[in-house]
Chemist: 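Below: one structure in structure tokens.
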Amino acid sequence: MKEEFKVYNSMTQQKEIFKPHDDGKVGMYVCGVTAYDYSHLGHARAAVVFDVLYRYLLHLGYEVVYVRNFTDVDDKIIIRANKVGENPLDLSNRFCEEYLNDMDDLQCLRPTHQPRVSDHMEQIINMISQIIENGYGYAVDGDVFFSVDKSSNYGRLSGQKLENHKAGERVAVDARKRNPADFALWKAAKPGEPSWDSPWGPGRPGWHIECSAMSAHYLSFKFDIHGGGIDLIFPHHENEVAQSCAACSDSNISYWMHNGHVTNNNEKMSKSLGNFFTIREITKQYHPLALRFFLISAHYRSPLNYTVAQLEGASDAIYYIYQTLQDCKDALSSFEEVLNGVTQPKGKPNRTLPAAQECILKMQSEFQSKLSDDLNTAHILTGAFQDALKFINSNLNALKKKQKQQQLAVLQSLIELEKEMKAILSTLGLLHPLSYSEVLLQFKEKALERAGLTEEDISRLIEERVTARKNKEFAKSDQIRGELTCKGIALMDVGNETIWRPCVRVEQESRATTASNGPGKSERKSSDTSDASVGQETKAPPSSDGKAPEFTS
């Protein structure tokens, strides 16, 4: 029996139990990007949100057909192409590929289909023809408009009412329109623009029709989920509803799902405001897993405020998880003889410790209850997941002191805990295909890049600190460690050895993050611990209680 899954439906403005049209199968369409530039954090959030939804539906056992489009024919693309002297379709194709590279970095699974407008002109023209034939569209001088007056339920998704639309308020009124709110289904060709032949003359599609035509082509007029950013509700998705119903009276999309904005300093992040960061700008300095963790750190419908402090907290939390899993793997490898040399009575499999069983059951319960409640990822890696990390760390420290039978129970517990944690991370898209050690190395490389240091620099400073400690020059030792911590490098004394790991930077600028200070700066402040008073533990957790930072929206 599949988990009862509740989703918030923007059409009804309430949570509903998810029931697909066809039992065991799900059709999902998500609006993709207009490909004329590198994608920004807003695009990343939409992609990651619906990737988690895709993964969760697969986890529940559904067969999913996931469609996400590329808009490769658009005014913005043409303007940019003319500016740089490039063919519009070539420019768009290039940025489609760059988007896919970003999505791969963010561990987003490739959708089942990724249609492009330029490849679906036949479907688009056929749908426009059907809309005209059904009395909902009209052609004027090579342009085709949708008649909103003919759509009796226009505004049912967004709540917008036609009488509230004031002519000329946002754009110049086209006198050829029967109603100022009528929107373009087809645009007559202009000199120097790409165009395609149609019954109304050469031209190209309007923005809204493409999604209706491509979703119907791949999923039919009846499918389960249509997703996108909250800014698409009006006019894009409202117009989709109207024109799809105009083309086919049986058109029906069961659940409309929309993710909230990404904000910067509590202001919507957008290109027009100049306060956005591209995915590339972020992942150049922070591991893509840290960015993905940040993007799912608030409920998908809530606004998500970008700050470097949040991003650094996310990076530290993921590093802690991977370091714990690596330590667990190392322990299992070093005790391989114990695992292979002790046999259990026939018919009695190795049993985990009761405390480990409790951790596993709690993780499973929290995971299922949160994701089944409208895909609530906000605190899914806190609580029971953090308890599991604590269990691993505490038992690793005591493992060597136990007898073989006790060791076997602990090792079996570690195996089962790692298995469950990997399953959760996989569904969230946080389980990297590389090994734990390779991912940790990547995190360290990013930390060195942010700090402007090399491994050789760190080794030299560690040696200077060792010498200072031997000479009881604790002020100098504190200074070295403190300066490194300010740069996001934590030194830890393990026996007679000093190692380092990335950490949240401290004693940084206190002013709020703005678009001008970029993704490499932060505002978090903290204080360091003196070498003269206390040493560092082998593995510093992300916060004083060993939990990953909790995020609120």
Side-chain angles (χ1 to χ4, degrees), residues 31-44 46-47 68-103 114-125 128 139-146 168-177 180 182-214 228-229 231-232 235-236 239-240 268-281 515:
C31 289
V33 296
T34 300
Y36 69 98
D37 202 347
Y38 291 105
S39 297
H40 56 66
L41 284 185
H43 300 137
R68 185 183 64 208
N69 75 298
F70 281 111
T71 297
D72 63 347
V73 180
D74 185 80
D75 290 341
K76 293 177 181 178
I77 296 170
I78 294 168
I79 292 169
R80 175 63 60 86
N82 290 339
K83 185 176 180 180
V84 300
E86 188 173 359
N87 178 280
L89 287 176
D90 289 343
L91 179 139
S92 183
N93 181 65
R94 179 159 55 86
F95 282 114
C96 286
E97 294 305 314
E98 296 293 0
Y99 174 82
L100 291 176
N101 290 334
D102 285 336
M103 295 303 100
Q114 298 189 87
R116 303 187 186 192
V117 175
S118 60
D119 295 328
H120 294 78
M121 287 300 165
E122 180 183 353
Q123 291 82 7
I124 291 169
I125 290 170
I128 294 173
V140 183
D141 303 327
D143 290 320
V144 180
F145 298 102
F146 183 89
E169 192 173 62
R170 295 182 65 183
V171 295
V173 176
D174 188 335
R176 299 174 304 159
K177 292 183 179 181
D182 291 352
F183 56 88
L185 297 173
W186 188 261
K187 297 181 178 182
K190 294 179 182 178
E193 293 186 355
S195 64
W196 289 261
D197 291 333
S198 80
W200 319 284
R204 56 189 172 89
W207 175 34
H208 312 297
I209 191 66
E210 65 186 64
C211 288
S212 287
M214 290 190 288
D231 55 318
L232 296 180
H236 186 51
N239 290 348
E240 274 194 67
K268 180 191 172 184
M269 194 177 286
S270 70
K271 289 184 178 180
S272 60
L273 295 173
N275 67 344
F276 71 96
F277 299 124
T278 66
I279 299 170
R280 297 288 173 89
E281 286 177 308

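Numbers here simply count residues along the sequence, with the first being 1.
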Chemist: Answer yes or no: is there a side-chain heavy-atom contact under 4.5 Å between E86 and R94?
Modeler: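 E86 vs R94: side chains touch.
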Chemist: A side-chain contact here means heavy atoms from C-beta on lying under 4.5 Å apart; do L89 and V73 qualify?
Modeler: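 L89 vs V73: side chains touch.
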Chemist: Distance check, rounded to the nearest 0.5 Å: T278 atom OG1 versus D37 atom CG?
Modeler: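 Output value for this atom pair is 8.0 Å.
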Chemist: Taking the basic N atoms (NZ, or NE/NH1/NH2) and the acidic carboxylate oxygens, is any pair closer than 4.0 Å for R176 and D182?
Modeler: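 Result for this pair is no, no salt bridge flagged.
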Chemist: Is any side-chain heavy atom of P205 closer than 4.5 Å to a side-chain heavy atom of M121?
Modeler: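 Yes, close enough: below the 4.5 Å cut-off.
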Chemist: Rounded to the nearest 0.5 Å, what's the gap from CG on N239 to SG on C211? Could you check?
Modeler: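 With rounding to 0.5 Å, CG (N239) is 11.0 Å from SG (C211).
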Chemist: Is it true that F183 and H208 have ring centroids separated by less than 6.0 Å?
Modeler: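 Ring-ring flag for F183/H208: true, centres closer than 6.0 Å.
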Chemist: Output, in order, the C-alpha distance, side-chain angles, deciding distance and verdict of side chain to side chain contact (heavy atoms under 4.5 Å, CB included) for F70 and N93.
Modeler: CA-CA 9 Å; F70 281 111; N93 181 65; over 6 Å; no
Chemist: Would you sort out whether R280 and E98 count as a salt bridge (Lys or Arg N to Asp or Glu O under 4.0 Å), showing the intermediate values?
Modeler: CA-CA 10 Å; R280 297 288 173 89; E98 296 293 0; 2.5 Å; yes
Chemist: Do I78 and K190 touch side chain to side chain, with heavy atoms closer than 4.5 Å?
Modeler: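 The answer is no, as the side chains (C-beta and beyond) never meet within the 4.5 Å cut-off.
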Chemist: So which of D75, D74, D143 actually passes salt bridge (charged side-chain N to carboxylate O under 4.0 Å, His left out) with K187?
Modeler: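 Going through D75, D74, D143 one by one, the salt bridge (charged side-chain N to carboxylate O under 4.0 Å, His left out) with K187 is satisfied by D75 alone.
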Chemist: Looking at side-chain heavy atoms only, is the closest gap between Q114 and M103 below 4.5 Å?
Modeler: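 Answer no - side chains too far apart.
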Chemist: Tell me if a side-chain donor or acceptor on S92 pairs with a main-chain N or O of A35 at a distance below 3.5 Å.
Modeler: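 Answer holds: yes.
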Chemist: Check A47 against Y99 and note the closest heavy-atom contact, atom names and distance.
Modeler: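 In terms of heavy atoms, the two residues are closest at CB-OH, 3.7 Å.
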Chemist: How long is the gap from CH2 on W200 to CD1 on I128, to the nearest 0.5 Å?
Modeler: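 Answer rounded to 0.5 Å: 4.5 Å.
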Chemist: Hey, what do you get for CD (E210) to CZ (R204), rounding to the nearest 0.5 Å?
Modeler: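 If we round to the nearest 0.5 Å, E210:CD and R204:CZ are 11.0 Å apart.
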Chemist: What is the distance from atom OG of S118 to atom CG of D72, rounded to the nearest 0.5 Å?
Modeler: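 Reported to 0.5 Å precision, the distance equals 3.5 Å.
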Chemist: Distance from N69 atom CG to M214 atom CE, nearest 0.5 Å?
Modeler: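 It comes to 4.5 Å.
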Chemist: With ring-ring contact (aromatic ring centres under 6.0 Å, His included) as the test, pick out the partner of Y38 among F95, F276, F277.
Modeler: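 The passing option is F95.
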Chemist: Are more than 12 heavy atoms from other residues, nucleotides or ligands located less than 6.0 Å from atom CG of D197?
Modeler: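 Result for CG/D197: open.
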